[in-house]
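What follows is a short report on a single structure.
Along the sequence shown, residues carry numbers from 1.
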Amino acid sequence: QLQLVESGGGLVQPGGSLRLSCAASGFSLDYYAIGWFRQAPGKEREGVSCISSSDGSTYYADSVKGRFTISRDNAKNTVYLQMNSLKPEDTAVYYCAAREDSGSFLFVTYKEYPYWGQGTQVTVSL
């Protein structure tokens, strides 16, 4: 059974850092593109970052560019989202998602992903 499990969320002060993990089980991430999305209360789910399966190409939303870094460790079957210089507006539930694809295409919208984790809460506050 294909499963994605996020971890690493929590409460952090503005300017702080967190590293989110997305661990896959039941399948190999080698041939899957991965995306990170977030949803704040009363807002639509938005794309944060994604990474291709073949060459590690990445995409970042303008709101996180220069602060967040996505990476993948296929040996550990895990994708990470390093979040630095966190701001209160980064507060949201963060989700990872997977889509089978062996190429270098970047899938940036949530409708393109069929498999989702349960989410992890990130709260940036004093």
Side-chain angles (χ1 to χ4, degrees):
Q1 182 178 357
L2 191 151
Q3 190 173 15
L4 296 169
V5 178
E6 302 96 333
S7 62
L11 173 64
V12 64
Q13 293 185 351
S17 298
L18 286 173
R19 187 177 80 158
L20 305 184
S21 299
C22 173
S25 61
F27 72 107
S28 171
L29 282 180
D30 288 20
Y31 302 105
Y32 283 77
I34 303 297
W36 281 99
F37 297 81
R38 66 186 181 186
Q39 188 165 19
K43 295 188 177 180
E44 289 189 359
R45 189 167 299 191
E46 65 170 337
V48 174
S49 180
C50 61
I51 187 167
S52 69
S53 66
S54 63
D55 62 0
S57 298
T58 58
Y59 159 85
Y60 297 95
D62 287 344
S63 58
V64 307
K65 201 171 293 183
R67 300 187 297 123
F68 291 10
T69 303
I70 190 171
S71 62
R72 60 192 304 154
D73 186 338
N74 287 352
K76 294 184 178 180
N77 223 25
T78 301
V79 174
Y80 304 98
L81 185 69
Q82 178 67 43
M83 306 187 297
N84 299 328
S85 302
L86 283 161
K87 305 175 180 180
E89 52 263 45
D90 294 318
T91 295
V93 178
Y94 283 70
Y95 301 89
C96 67
R99 175 193 170 106
E100 189 170 6
D101 183 82
S102 58
S104 60
F105 195 81
L106 294 170
F107 302 92
V108 301
T109 63
Y110 71 89
K111 294 181 180 179
E112 297 177 288
Y113 290 86
Y115 307 110
W116 289 82
Q118 83 291 346
T120 185
Q121 176 71 45
V122 172
T123 303
V124 186
S125 179
L126 291 171

Value rounded to 0.5 Å, distance of CG in N74 from OG in S53:
8.5 Å
In this structure, OG of S54 is separated from CG of D30 (nearest 0.5 Å) by 11.5 Å
Between F105 and D101, which heavy-atom pair has the shortest distance, and what is it?
N-OD2, 4.3 Å
Would you list the pairs meeting salt bridge (charged side-chain N to carboxylate O under 4.0 Å, His left out) in which at least one residue belongs to residues 70-87, sequence neighbours left out?
none
Do side-chain atoms of T120 reach the backbone of Y94 as a donor and acceptor pair under 3.5 angstrom?
no
Going by the ring-ring contact (aromatic ring centres under 6.0 Å, His included) test, which pairs reach into residues 59-78, not counting sequence neighbours?
none
Under the side chain to side chain donor-acceptor pair (under 3.5 Å) test, which residues partner S104, sequence neighbours left out?
none
Between the side chain of E6 and the main-chain N/O of Q118, is any donor-acceptor distance below 3.5 Å?
yes
Do C96 and V79 have side chains that approach each other closer than 4.5 Å (heavy atoms only, starting at C-beta)?
no
Side chain to side chain donor-acceptor pair (under 3.5 Å) involving T123 - partner list, sequence neighbours excluded
Q121
OG1 of T91 to CG of L11, rounded to nearest 0.5 Å, is 8.5 Å
Sub-4.5 Å side-chain heavy-atom contact between N77 and S25:
no
Please list, chain by chain and in numerical order, all residues satisfying side chain to side chain donor-acceptor pair (under 3.5 Å) with K65, sequence neighbours excluded.
D62
Would I70 and M83 show up in the same hydrophobic cluster when neighbours are defined by side-chain heavy atoms closer than 4.5 Å?
yes
Selection residues 1-27 - residue pairs positive for ring-ring contact (aromatic ring centres under 6.0 Å, His included), sequence neighbours left out:
F27-Y32
Hydrophobic clustering (ILVMFWY, side-chain heavy atoms < 4.5 Å, transitive) - are V124 and W36 grouped together?
yes
Euclidean distance, L29 CG relative to I51 CD1, rounded to 0.5 Å:
10.5 Å
Disulfide bond (SG atoms under 2.5 Å apart) contacts touching residues 50-93 (sequence neighbours left out)
none
Examine distances only and state if a side-chain atom of S52 and a backbone atom of S57 form a donor-acceptor pair shorter than 3.5 Å.
yes
Single-linkage hydrophobic cluster I34~V48, side-chain heavy atoms < 4.5 angstrom:
yes
I'd like a table of donor-acceptor pairs (distance under 3.5 Å, sequence neighbours excluded) in which one partner is a side-chain atom from residues 12-24, with atom names and distances.
from : atom 1 : to  : atom 2 : distance (Å)
S17  : OG     : N84 : OD1    : 2.9

Ignoring hydrogens and angles, write down the donor-acceptor pairs under 3.5 Å from the side chains of residues 106-116, residues two or more places apart or on other chains.
from : atom 1 : to   : atom 2 : distance (Å)
T109 : OG1    : E112 : OE1    : 2.8
E112 : OE1    : V108 : N      : 3.2
E112 : OE1    : T109 : N      : 3.1
Y113 : OH     : F107 : O      : 2.5
W116 : NE1    : Y113 : O      : 2.9

Could you tell me which residues satisfy side chain to side chain donor-acceptor pair (under 3.5 Å) with D90, sequence neighbours excluded, listed by chain and number?
R38, R67
Would F37 and V64 show up in the same hydrophobic cluster when neighbours are defined by side-chain heavy atoms closer than 4.5 Å?
no
In this structure, are over 12 heavy atoms from other groups packed under 6.0 Å from E89 atom CD?
yes
